[in-house]
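Heavy-atom basis, side chains included; hydrogens, waters and symmetry copies ignored.
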Amino acid sequence: MHLLSRTELSAWIVALFVIEVLHLKWIWLSEWSCRKCARKNLDCGCPGRWTRYL
């Protein structure tokens with residue numbers, strides 16, 4: 001049985017955290033609506049929507 005070293009385990013934890021953050025961003029963009037125009041955040045063209053690019 002192969003045990004992970006601390007470096008490998010840390011790399012996996014960081015990678016899974018990044019993947020989860022990107023997943024939550026996708027949910028926010030595709031499912032939630034803009035407060036100003038009531039369109040989905042991905043389709044919103046309102047000025048000041050810089051958070052779409054983070």
Side-chain angles (χ1 to χ4, degrees):
M1 185 169 142
H2 175 69
L3 296 176
L4 297 175
S5 69
R6 283 190 161 184
T7 305
E8 291 173 328
L9 184 60
S10 298
W12 272 107
I13 290 171
V14 169
L16 291 173
F17 179 77
V18 168
I19 289 170
E20 185 59 29
V21 167
L22 291 173
H23 176 244
L24 291 173
K25 178 186 169 192
W26 176 253
I27 290 171
W28 179 76
L29 284 173
S30 64
E31 299 299 323
W32 289 18
S33 299
C34 176
R35 293 180 191 155
K36 295 179 184 176
C37 66
R39 294 174 64 187
K40 298 292 182 191
N41 285 324
L42 192 58
D43 300 326
C44 177
C46 293
R49 297 301 297 190
W50 57 272
T51 54
R52 177 177 22 200
Y53 302 109
L54 288 180

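- Residue V21 shares its hydrophobic cluster (ILVMFWY side chains chained together at separations under 4.5 Å) with F17.
- Legend: residues meeting side-chain contact (heavy atoms from CB on, under 4.5 Å) with E31, ordered by chain and number and at least two apart, are I27.
- In terms of the side-chain contact (heavy atoms from CB on, under 4.5 Å) criterion, residue partners of S5 (sequence neighbours excluded) are, by chain and number, T7, E8.
- There is no path of hydrophobic side-chain contacts, each under 4.5 Å, that joins V18 to W12.
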